[in-house]
Amino acid sequence: MALLAGADGMTAVRLGVSMTALQVSIGSLNDIVDAPRDAGQKPGKPIPGGLVSPVQAWVVAIGGAVLGLALALPSGMATVILAILILAIGYAYDLAFKGTAWSWLPFAVGIPLLPVFGWLGATGGLPSSFAILLPVAVIAGAALAVANARADVERDAAAGVDSVATRLGTERAWAVNAGLLGVVILLAAVTLITEGATPLAMLGAAGAAVVIGVGVILGQNADSAGRERAWELEAVGVGLLAAAWLAGTTLGQ
């Protein structure tokens, strides 16, 4: 996003590492919270697998937050405040929303802030095209949250944990995920066409749509591990689609 906004290479790397550190902090706290439930269930994860102690995980969580905020600082206080907001949303998911029927909400609110962080950090402002991007990103975030919850639906049901996927059931959760992502792809395609996007941007969007579609198809009848890989593939596709969309609407003007 920073490169699309016109940032130099060092600024883009700084912002990229900053966001990575913020997400590492959120992910580490998530593993700390999940460690008791993951014990004996997810030996591939660092804490239950004995690769990382809870103390080390806390060091990573705190260190990631500090590093992420420090690297956001050169872009100004608006970017730092946005970074704090991203951390707050991620921590809220880890501590309060995860394992509830509202687990999708932090995804829906938080994912749209990722491209905002890159662009705001690079330029200090946002283009008018974000007025369309952000509502579409909310839909994408909700879709990814449903897919994420669906990956753990059996474990959540066995543990008596409520989630949007346990409420809907695996089949309806898949249908909701596929339908929401279909809306995202359709809106992106319509916008790119009406904006007269370049063939390269259209090709990039088509490739991203294929990645999303593969994730949706692979996740339909997969086991828990397969569904986890599938939603991660969807997330990659959504990120690629956002980049192609910005390149075709903002840079194409």
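Keep in mind that the numbers below use all heavy atoms, side chains included, and drop hydrogens, waters and symmetry copies.
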Rounded distance [0.5 Å steps], [atom1] in [X] versus [atom2] in [Y]:
{"X": "Asp34", "Y": "Asp94", "atom1": "CG", "atom2": "CG", "answer": "8.0 Å"}
{"X": "Ile89", "Y": "Ile84", "atom1": "CD1", "atom2": "CD1", "answer": "12.5 Å"}
{"X": "Glu154", "Y": "Thr166", "atom1": "CD", "atom2": "OG1", "answer": "11.0 Å"}
{"X": "Leu120", "Y": "Phe130", "atom1": "CG", "atom2": "CZ", "answer": "9.0 Å"}
{"X": "Leu133", "Y": "Leu241", "atom1": "CG", "atom2": "CG", "answer": "9.5 Å"}

Is the backbone N or O of [Y] less than 3.5 Å from a side-chain atom of [X], with the two atoms forming a donor-acceptor pair by type?
{"X": "Thr191", "Y": "Leu187", "answer": "yes"}
{"X": "Ser103", "Y": "Lys98", "answer": "no"}
{"X": "Gln56", "Y": "Ser53", "answer": "yes"}
{"X": "Asn177", "Y": "Val146", "answer": "no"}
{"X": "Arg150", "Y": "Thr170", "answer": "yes"}

[Y] and [X], any side-chain heavy atoms less than 4.5 Å apart:
{"X": "Val109", "Y": "Val138", "value": "no"}
{"X": "Trp104", "Y": "Asn148", "value": "no"}
{"X": "Glu234", "Y": "Val216", "value": "yes"}
{"X": "Ser25", "Y": "Tyr91", "value": "yes"}
{"X": "Leu87", "Y": "Leu69", "value": "yes"}
{"X": "Trp174", "Y": "Asn221", "value": "no"}
{"X": "Thr100", "Y": "Val164", "value": "no"}
{"X": "Asn30", "Y": "Tyr93", "value": "yes"}

Closer than 4.0 angstrom, basic N to acidic O: yes or no for Arg227 and Asp152? no

Membership question, hydrophobic clusters at under 4.5 Å side-chain separation (ILVMFWY): are [Y] and [X] in the same one?
{"X": "Leu71", "Y": "Val13", "value": "yes"}
{"X": "Leu180", "Y": "Val183", "value": "yes"}
{"X": "Val33", "Y": "Val24", "value": "no"}
{"X": "Leu105", "Y": "Val153", "value": "no"}
{"X": "Leu15", "Y": "Leu126", "value": "yes"}

Determine, step by step, whether Trp119 and Leu246 satisfy the side chain to side chain contact (heavy atoms under 4.5 Å, CB included) criterion, reporting the C-alpha distance in whole Å, the side-chain angles of both residues, the deciding distance to 0.1 Å, and the verdict. CA-CA 10 Å; Trp119 205 286; Leu246 281 172; 4.1 Å; yes

Do you know the tightest heavy-atom contact between [X] and [Y]?
{"X": "Arg14", "Y": "Ser75", "answer": "NH2-OG, 3.0 Å"}
{"X": "Leu4", "Y": "Ala243", "answer": "CD1-O, 3.5 Å"}
{"X": "Ala244", "Y": "Gly204", "answer": "CB-C, 3.7 Å"}
{"X": "Ala131", "Y": "Pro135", "answer": "O-CD, 3.1 Å"}
{"X": "Pro112", "Y": "Leu134", "answer": "O-CD2, 3.5 Å"}
{"X": "Ser224", "Y": "Ala151", "answer": "OG-O, 2.7 Å"}

How far apart are the C-alpha atoms of Asp31 and Ser28, what are their side-chain angles, what is the distance that settles it, and do they pass the side chain to side chain donor-acceptor pair (under 3.5 Å) test? CA-CA 5 Å; Asp31 275 12; Ser28 183; over 6 Å; no

Under the side chain to side chain contact (heavy atoms under 4.5 Å, CB included) rule, what do Gln23 and Ile86 come out as? Steps first, then yes or no, please. CA-CA 9 Å; Gln23 296 299 326; Ile86 290 169; 4.0 Å; yes

List the steps and the verdict of side chain to side chain contact (heavy atoms under 4.5 Å, CB included) for Leu144 and Ile111. CA-CA 9 Å; Leu144 293 177; Ile111 283 180; 3.6 Å; yes

Going by side-chain heavy atoms closer than 4.5 Å, which hydrophobic residues are tied to Val59, directly or by a chain of links? none

Apply side chain to side chain contact (heavy atoms under 4.5 Å, CB included) to Leu95 and Leu29, showing your working. CA-CA 9 Å; Leu95 299 171; Leu29 179 61; 4.2 Å; yes

Quick one: side chain to side chain contact (heavy atoms under 4.5 Å, CB included) partners of Ala101, sequence neighbours excluded? Asp162, Arg167

